[in-house]
Amino acid sequence: MKGQPTKEVTQLIHEMKVGNVEGSYNITAKTLKLFKKIINGPGWTNAEELMNVVRTQGHILQSAMPQETVTASIARRILKLIREEFELLKAKVHQFSEDQASMSLHKLVTQTSNDVNVDYTEPQQGLREALLDHLQEMETELETSSENICVQAEEHIHSSEVILTLGHSRSVENFLKRAVKKRQFLTIIIAECAPDSRGHNLAASLATGNVEIIVIPDSAIFAMMSRVNKVIIGTHSVLANGGLRAACGSYTVALAAKHYSVPVIVLSPMYKLSPVHLCSYEQDAFNLVGCAEDVLEYDSLASHSAKVYSPIFDYVPPELVTLFISNIGGHAPSYVYRLLTELYNPEDYEI
Amino acid sequence: MNQFEKKEVIQAILIADNNVDQLRPFSDENSTALLPLVNVSMLDYALDALNRSGIEEVFVYSSLHLRSVREHIKNGIASLNSWSVNMTVHVIGGEGCRCFGDAMRDLDAKALIRGNFILLGADVVTNADLRPIFEQHKKTAKYDKGAAATLVFKEAATSSIRTGNEVMIAVDQQNNRLHHHQRLRLHGKESHFEVPLEVFLNNSEVALLHNLIDPQIAIGSPSMLSLFSDNFDFETRDDFVRGILINEEILDSRIYVSVLPRGQYARKVNNWLTYCMVSQDVMNRWAYPLVPDMGINCLAQQYVYLKNNIYKSRKSTFIKAALRENVAVQAGSQVEAGTSVSCSVIGKNCKVGKNCVLMNAFLMDGVHIGDDCKLDCCVVGFGSKIGAGSTIAEGTVVGSKCAIPAGKLLKNVVIKSVLGDDDDLVEKLGEHAFIIDDKQETQSTYASDSEDEVLPTAATGIPKVARVPTICEESDYTSSSDEDESRAVSPLVDDTNIFLAEVMDSLARGFQEKSNPDFLILEINSSRYAYNMSLKEVNFYVVKALFSLQDIKEPANQNVLVAINNVLKQLGPVLSNYIKTPDAMLQCLRALEDIYEENEFVRSKISKVVHYLYDKDFVSEDAIIAWYEQLDVEDHRALRQSLKELIEWLDQSSEEDEDDDEDESD
């Protein structure tokens with residue numbers, strides 16, 4: 001699986017590292033564009049080759065930025081697309097072949113397991129065009145995903161409710177903006193989410209509407225929870241079991257919500273679903289540890305002897321999540337596995 | 001083309017091969033910029049930092065090891081190092097360029113720099129975003145045509161150990177103009193600073209900042225280079241700063257200052273102590289995102305990050321070895337059973353044997369360490385082999401490809417594999433191991449060059465690798481008893497002990513700095529009220545503290561009387577302020593009783609000490625006799641014995657006195 005990264009991949013990794021490209025949406029859009037270029041390019045002649053290229057580049061992206069799961073997820077989705085398109089085209093060619101026509105229902109159901117040995121090296125006419133069409137669809141889906149989530153705001157937020165959120169998620173921002181427009185007398189409580197305190201930005205952005213906004217420190221989350229009707233948070237990604245990898249502080253919110261039986265609604269567009277399981281809380285598998293100086297000043301006396309641990313993410317187990325709202329509707333955490341099989345081919349889980 | 005010209009390309013100059021003498025023996029073998037720090041060469045740190053700041057063109061200036069630097073840059077571009085994206089790197093060099101100033105003059109002659117530029121050493125580790133500072137400099141330069149440079153500083157804990165990079169500056173608060181610049185002494189703390197009076201007279205708002213570290217980052221105007229050309233005596237950057245400050249009017253140039261905000265780290269590696277400190281800082285994630293697990297110069301991640309700041313490569317093997325804290329282990333290394341590693345860096349393809357102890361040890365690539373070795377505060381160079389059972393400690397630096405025989409004990413030495421022409425051999429350890437003299441004189445001349453006052457040569461020396469984090473800080477905690485934190489740390493200590501400690505601190509400082517006794521009395525009195533001491537206790541503890549001063553505890557030439565005389569000459573007024581009444585005198589002598597038990601010098605001379613106090617009118621004879629009589633016959637037999645003569649003599653003299661008195665009254 002070793003290979004050289006293409007120029008665009010290097011560029012993307014660099015921009016992610018430097019921080020020019022941030023936010024799942026932007027990273028996804030960039031990655032998609034990158035793969036589109038690869039598919040458009042001359043680097044492949046048949047499906048097998050293309051899949052290898054996508055896998056290699058996906059792997060490079062993954063190993064460079066393991067915490068950004070969306071890059072690998074996009075690669076997985078494209079792999080699945082290639083498989084599907086290839087089979088579709090193949091089926092078209094052999095449309096009238098005998099075994100295809102006389103296939104029983106039982107055969108149809110069990111067929112997938114036999115298909116492992118499909119020979120993808122066969123050249124297929126029109127594969128490139130078909131794939132590009134599908135990528136176009138994916139791009140449109142990506143662009144409209146935020147809007148599609150927002151549309152559901154009215155179903156979940158009612159007048160004179162108290163909503164609590166944490167940090168600054170773009171989906172949540174748009175969702176709440178929509179709700180503020182449609183509903184009256186809303187109170188929005190925003191936990192500031194130290195040490196970045198991005199909650200302040202969200203508060204500033206929402207403050208224009210006719211809405212009461214309260215910014216609280218993270219330590220006050222539990223105290224405020226008793227008054228809250230709904231918790232609405234964003235997430236960095238959704239794991240295979242329906243658990244969340246979300247901004248540090250989300251676990252506190254979810255636990256407090258559980259204690260007061262407040263529903264926790266998570267906004268997550270489909271591209272944030274990733275087929276990875278949590279296997280350890282350590283950084284290698286899950287977390288990312290940030291800068292020490294966010295927590296403790298370098299010129300403090302303790303700075304040389306202290307070991308500062310500033311994790312970026314929290315794991316929120318699926319039982320604390322009430323509902324996922326994605327661009328295709330609401331889902332329970334237990335349903336995530338089903339969505340995953342729709343999005344990705346199980347063979348591509350390991351990239 | 002038009003569009004291209006409009007866009008300004010920010011240029012940066014990296015000076016490699018700076019401060020060569022302090023990183024021996026590696027500086028003899030290769031460019032110090034290529035020395036690995038937590039397994040990434042320092043040049044890569046600097047380049048990565050510039051790349052993150054959005055700099056597009058970098059000139060690496062190297063003179064001594066031009067070829068290897070060029071090779072390194074070429075390899076870096078070939079292997080897609082992260083700095084090679086979006087940034088062009090040129091390596092330039094000049095023969096016969098001996099110092100920083102020469103490099104600047106050479107750059108001026110080559111005329112490569114078109115506008116304002118960023119200037120830093122190749123040995124700087126920073127995560128700072130230099131763009132805003134650059135913009136600020138441009139703005140300043142617009143208003144002040146004579147703005148030659150903006151110096152960048154980083155705040156650091158004031159108590160941290162001196163590394164030679166600390167500065168004290170006076171800066172105008174309103175426009176950030178630098179008015180005074182003084183490098184702090186490497187050893188010992190200054191008791192006073194001299195700042196020219198004009199600084200305060202001519203400016204309404206001046207801030208003195210003394211807790212700054214100078215990472216040697218500067219934003220320069222084009223005039224900075226020409227200033228170097230015009231003044232051929234500028235050798236270092238400090239010369240430049242001082243020259244400008246002294247001749248501000250003549251040169252029509254000014255220097256500005258920018259202090260890095262919180263969350264931005266910058267430090268320079270110019271000796272082994274800073275090497276050790278910066279390594280620990282990198283592993284402690286102060287330089288985030290320049291931390292090992294983020295892939296500093298390569299695309300893929302090399303390490304797995306575990307609890308307690310342990311970074312280990314997936315391709316390294318550990319067989320029942322303990323990794324305690326702050327450890328980075330590169331690919332292909334192997335650590336055997338029973339070995340414990342803490343605060344250390346292990347390079348590529350190293351082998352560490354069984355039952356070793358590694359603390360603050362920095363192993364570069366391919367080091368082999370035998371069984372049962374102890375490595376503490378040391379650096380071991382590429383491909384060196386250390387025989388079984390050796391102990392290497394206290395700032396030892398082992399060069400590349402050395403082979404140290406088994407069972408050696410090495411402390412505070414520099415070892416090279418091949419003897420160079422200008423090395424002074426101290427001892428030959430083996431075929432490929434020579435202890436050489438580490439040329440401390442060069443350091444002292446350097447220090448006195450950069451500083452007006454000549455420093456005592458005996459005290460100077462290149463700072464060695466030392467245990468940076470915990471130990472120094474701990475001692476700081478206990479000694480700084482006037483700080484709230486220490487009180488919180490040790491709540492068990494009762495008030496009297498704290499009071500005693502404070503009085504001792506006050507007196508020791510007062511004695512050293514020869515401060516006014518009245519102030520000391522004030523200080524002691526305020527301590528007294530803070531801890532609610534009765535007057536009796538105060539008298540007792542002041543005397544006790546006085547006699548517990550370092551000078552009396554360990555008198556020079558073992559002569560305790562001279563020491564007491566010296567102390568009392570200075571602090572006598574303090575003592576006489578408290579010891580006035582007969583009661584107080586009794587307390588004073590009781591305190592002496594305690595001292596008698598503790599201090600053997602006083603014990604042998606107790607009668608003379610008491611006599612001295614009597615002579616100087618601190619205690620009266622009545623008090624002495626009363627005290628003597630109160631002494632328990634059994635418990636204080638020795639004391640009574642030694643005082644006996646004195647008492648007899650006093651008795652006699654008092655009788656005479658009485659006679660005299662009677663005579664007078666007659």
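Throughout, protein chains are lettered first and strands after them, A, B, ... in sequence-line order, and every chain is numbered starting at 1. Quantities reported herein were computed from a predicted structural model and do not represent experimental measurements.
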Quick check against the 3.5 Å criterion: does B:R285 have a side-chain atom that pairs as donor or acceptor with the backbone of A:V308?
no

Residue pair B:N86 / A:Q11, side-chain heavy-atom distance below 4.5 Å
yes

Nearest heavy-atom neighbours spanning A:L288 and B:Y288:
CD2-OH, 4.3 Å

Give a yes or no answer on whether the side chain of B:R52 reaches the backbone of A:K17 with a donor-acceptor pair at less than 3.5 Å.
yes

Side chain / backbone / both / neither for A:L61 at chain B, heavy atoms under 4.5 Å
neither

Side chain, backbone, both or neither: which part of B:N308 has a non-hydrogen atom closer than 4.5 Å to chain A?
both

Quick one, A:Q4 with B:L80, criterion side chain to side chain contact (heavy atoms under 4.5 Å, CB included). Give me CA distance, side-chain angles, the key distance, then yes/no.
CA-CA 10 Å; A:Q4 282 297 312; B:L80 291 171; 3.6 Å; yes

Are side-chain heavy atoms of B:R267 and A:Y298 found at a separation under 4.5 Å?
yes

Taking the side chain as C-beta and beyond, is there a heavy-atom pair between A:H14 and B:N51 under 4.5 Å?
yes

Pair A:K307-B:N326, side chain to side chain contact (heavy atoms under 4.5 Å, CB included): steps then yes or no:
CA-CA 9 Å; A:K307 211 146 261 99; B:N326 289 14; 3.0 Å; yes

Criterion salt bridge (charged side-chain N to carboxylate O under 4.0 Å, His left out) on A:E297 and B:R262, from CA distance to verdict
CA-CA 7 Å; A:E297 277 187 59; B:R262 186 176 174 168; 3.5 Å; yes

What are the two closest non-hydrogen atoms of B:N284 and A:A292, and how far apart are they?
O-CB, 3.5 Å

